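I have placed the structure first, in the form of structure tokens, so that the comments after it can refer back to it.
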Protein chains: 2
Amino acid sequence: MKYSASKENYLKAIFHLQYEQSIVTTNAVAASLNTKAASVSDMLRKLKAEKLLIYEKYRGFKLNTEGKKVAAQIIRKHRLWEYFLVEKLGFGWDEVHEMAEELEHASSKKMIDRLEEYLGYPQTDPHGDPIPDSNGKIKSYRQLNLLDLPLNKTVQVSAISEQTSGMLELLQHKNIRIGTKLEVRKKFPFDNSLELKIRNQAPITVSELVAKNILVKDDQA
Amino acid sequence: MKYSASKENYLKAIFHLQYEQSIVTTNAVAASLNTKAASVSDMLRKLKAEKLLIYEKYRGFKLNTEGKKVAAQIIRKHRLWEYFLVEKLGFGWDEVHEMAEELEHASSKKMIDRLEEYLGYPQTDPHGDPIPDSNGKIKSYRQLNLLDLPLNKTVQVSAISEQTSGMLELLQHKNIRIGTKLEVRKKFPFDNSLELKIRNQAPITVSELVAKNILVKDDQA
DNA sequence: AATTTAATTTAGACAAATCTAAAAAAAAGT
DNA sequence: ACTTTTTTTTAGATTTGTCTAAATTAAATT
Ligand SMILES: [Mn+2]
Ligand SMILES: [Mn+2]
Ligand SMILES: [Mn+2]
Ligand SMILES: [Mn+2]
């Protein structure tokens, strides 16, 4: 139940990637970890052997339940340390990622639980990302704009970043307001416009500019 | 200027050993790191190539100035983290060593300097060992009893742990009191008695029992 | 459908850190 | 001074994680 720092970094990278796109590719991991595709292939074989990964050659891969559990613990450590560095040591939120990247590999679970208590059970890290609890459960994900959302994931509109009258008029016409549940059905790379589906309504289309200003969070109904 | 965790552990072990015995042996390091003599030999070659070590084959070795500087920074990190774990997270002093053994390898110097500030510039770790400052200078070493002292090192008596009348009578007769500067000239393994030299006085002998109860610190006159 | 391009995997090499077993050197004992 | 024992070093393997280059598979384009 103890993994090398390298394996932990792979697990974490895959976890983040599969949130955005439920099947993950070798090249995506290589880019995310600044390594080479060949190295990723090598590691995939090992992670599969350790039963952390669902993987068939050439078919893409994703973490299984155990893999997600392990990844969540690493992310928990990362974010709690980031919170510590900002709130206690006075670093800016833009300075702490690299330091947390090292601290997250310290293995004591008891230490992290004590740290969490000491920090007053913060809900999110300094970047607004949620901190998984001691059991690995992640309450809600950060607010994202629609452009960054994976396809076919039901979310709830949590905020509109550009609150001009023109924007509001448009949203009203399309029946979108805070709390609306929707999913992105299709992305058109040509103009980055999106096709959205709101429950019990016909699909609608929004432009890149509009999509960027619609912030959403996980639908935790 | 960035060394692997493994190399840092070797540097730290050698640093501690050479405090007690200015030339260090392969077997002593192997015992201290729970590794094999062959592995130590391998590492010595590397550390010498990196100019951290004075080493001639079969002749023993010790850290050079640079090696000591690097080691002091690792010890600084180790002890500051131990202090944090005890004072902020509420661990007992007997629980923190293993955790600090991992945290000490996080590389950011800025982080450690901020941690030190946050902790209020503690002088010693939870075990009473001194914390090197940001430049690597170690103020004074921990109180040791005479049995643990290296030969020919001038120290100052800082405390007498057994304060019985019999002990005090004996010390008075031998001219030893708090503040007395002395060094151990010889150790007799037969009965663990010691020959001591006090400045401007003839050598005197103390028994194991007496030596154990004389605590000393570095002579920082 | 065939061809070209892109993505992925494998083959083979390498560096770091470790080990066991054997060789070499130093220290201790006679 | 020899011999024996202990310590240290070297030789040769092994594991982990990485890489480049080549082979394979899949995807995209004609
Ligand atoms: Mn981060
Ligand atoms: Mn990391
Ligand atoms: Mn360590
Ligand atoms: Mn300590």
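The model shown is predicted, which means the values in this text are computed figures rather than measured ones. Order of the sequence lines fixes the chain letters, A, B, ..., with proteins taken first and strands second; residue numbering starts at 1 for each chain.
Nucleic acid contact for Y3(A): none, since no nucleic acid atom lies under 4.0 Å from a heavy atom of the residue. Across all strands shown, F61(B) has no heavy atoms under 4.0 Å from either base or sugar-phosphate atoms. As judged by a 4.0 angstrom heavy-atom cut-off over every strand, S6(B) is placed among residues touching the sugar-phosphate backbone only.
Across the protein-nucleic acid pair, Y55(A) atom OH and dA7(C) atom C1' stand 12 Å apart, rounded to whole Å. Between R45(B) atom CZ and dA17(C) atom P there is a gap of 11 Å when expressed in whole angstrom units. Atom C1' of nucleotide dT18(C) and atom CG of N9(B) are separated by 14 Å, given to the nearest angstrom. Spacing between atom CE of M43(B) and atom C1' of dT9(D) amounts to 16 Å, rounded to whole angstrom units. Going from atom CG of N34(A) over to atom C1' of dG17(D) covers 16 Å, rounded to whole Å. Rounding to whole angstrom units, CD of residue Q21(A) and P of dA7(C) are separated by 13 Å. Between the CG atom of N27(B) and the C1' atom of dT7(D) there is a distance of 6 Å, rounded to whole Å.
Listed for the K109(A) side chain is a donor-acceptor partner under 3.5 Å among the backbone atoms of S134(A). In this structure, the side chain of E195(A) does not engage the main chain of P203(A) through any donor-acceptor pair within 3.5 Å. Under the 3.5 Å distance criterion, the side-chain polar atoms of R199(B) are left unmatched by any main-chain donor or acceptor of K181(B).
The two residues L63(A) and Q18(A) have their closest heavy-atom pair at N-OE1, 2.7 Å.
A cation-pi arrangement, defined by a distance under 6.0 Å to the six-membered ring centre and an angle within 45 degrees of its axis, is absent between K88(A) and F84(B).
Relative to the side chain of R59(B), the nucleotides dT8(C), dA26(C), dA17(C) differ in distance, and dA26(C) lies closest. Between dA21(D), dT9(D), dA17(C), one nucleotide has an atom nearer to the side chain of S41(B) than all others, and that is dT9(D). For Y10(A), the listed nucleotide lying nearest its side chain is dT18(D); candidates were dT18(D), dA7(C), dT10(C).
Each of K57(A) and K46(B) was matched to the nucleotide of DNA chain C holding its nearest heavy atom; the match closer to the 5' end belongs to K57(A).
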